[in-house]
There are 2 protein chains.
Amino acid sequence: MNTIGSRHRSLRDETVDELRRLILSGEVEPGERLSELSISERLGVSRLPVREAFRRLEAEGLLKSIPRRGVRVVELDSHELAVVREVRMALEVIAVNKTVQRNDPEVMQALRNSLERGRKAVDEDDREALSGLNEEFHELLAEGAGSHFLSETLRAVRNQAHHLVGGVSAAVGPSWEEHSAIIRATVDGDAELAAMLMRRHLADRHAHQGGTSPA
Amino acid sequence: MNTIGSRHRSLRDETVDELRRLILSGEVEPGERLSELSISERLGVSRLPVREAFRRLEAEGLLKSIPRRGVRVVELDSHELAVVREVRMALEVIAVNKTVQRNDPEVMQALRNSLERGRKAVDEDDREALSGLNEEFHELLAEGAGSHFLSETLRAVRNQAHHLVGGVSAAVGPSWEEHSAIIRATVDGDAELAAMLMRRHLADRHAHQGGTSPA
DNA sequence: GAAACCAGAACTGGATACAACATCCTGCAT
DNA sequence: ATGCAGGATGTTGTATCCAGTTCTGGTTTC
């Protein structure tokens, strides 16, 4: 019962992706202890790729390893959450700035394209397409900065943020408007405006989702 | 006799540290390809810890893995370098802000203590001690923010920055003055000043070290 | 009945052996 | 020289094995 496809990419990478998905989707809960054996059986691979995946996700901050006691899914407290959000905001702003600065024609074309598809999706009230576009949005901006390092770091930070607000949060509805505004500013070359909108965008999301409610 | 003192650390962690040192010190060069076997022989461990270390350092961005062709030490171009520096600056500023904000007595005491030792080291012209203090400086501020996530991310970013300016750069002499100014602002609770000094500090270092020199 | 204790199961950390394959490299034939 | 066959090397993944540690459940003791 091979859970992962038979022969695509390296098993290691598949394992990393699948395990990351399990964590982010909440199928394995924060604080839960993961054993090499159970995961390897669950994913239908041997222990070694699982061990390698553990190291990778440990470095990404999704798992924490305790010597001789294996790994567990991290739980972040509210202070950690605040830091993650602040870091994310800083990095997203850097990304959007760099994107404007580089002004890569290919990226700009992709952004305009995304904008157009967004307009259409709004007209047709295609919520699924919008959800995909929202995913694509941050992906494009990270990539647009032209830095592998920044993309990877941002992905890790986003995963942290996403993880601790409770997995698959559905509140993606009202954000396309903000996204499209940021994209417009970006393709217009107005870095300052784009950065400001990005900051407000992230601040809004935080206010909606996590709040500053320490009981 | 620290918390993890008595029990010897895992071979895996030793391997990660040693391999990281090899990379940052330049003993293995950027672009160089590393084979599991050669590293395992060089470090006197089996291939398994090496493989896990590869995954870890890959996630940290010091190694890049190419399917079926193993890993090689990353080389960053000047654009990547600029991004790394910008990210570092943003994160260091967040760290110093959070440190002031938390105002942890223990951390503040450690900072004051560091300040005092720095003064003494300057008086006695103890360059070695100063070098250690400069290391300690960033370490303390990252830790002071009270976020494991931020410390780890910052360490990775610093390694990137350190790595690509050519390993063991010796130019740590004139920076204690700036460091101590930042510490003073921090213990005084002046986050704005501390952040500003931090920004200038990093900008200065970059101007000194990084020029736009290709080879 | 609850706490302390202890044997054994389960698990991690590490080392090998081995198979399957992809890539690199070398030498031979053209 | 050129190109290619085929071996050498290296990565990737599986399967075992083992030592040491932690966890678990049952038994003994107070």
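Throughout, protein chains are lettered first and strands after them, A, B, ... in sequence-line order, and every chain is numbered starting at 1. Values reported hereafter were calculated over all heavy atoms of this structure, with side chains retained and with hydrogens, waters and symmetry mates removed.
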Item to check | Partner residues of E136(B) under the salt bridge (Lys or Arg N to Asp or Glu O under 4.0 Å) criterion, sequence neighbours left out | outcome: R117(B)
Checklist entry - So which pairs with a foot in residues 104-115 of chain B pass salt bridge (charged side-chain N to carboxylate O under 4.0 Å, His left out), sequence neighbours left out? => result R102(B)-D104(B)
Item to check | Where protein sits on nucleotides 8-15 of chain D, one letter per nucleotide: B base, S sugar-phosphate only, - none, heavy atoms under 4.0 Å | outcome: --SBBBB-
Kindly write out the residues that satisfy side-chain contact (heavy atoms from CB on, under 4.5 Å) with [X], not counting sequence neighbours, or none if the list is empty.
X	value
A129(B)	A121(B), D126(B)
V71(A)	L34(A), F54(A), R55(A), L63(A), S65(A)
E152(A)	R56(A), H148(A), R155(A)

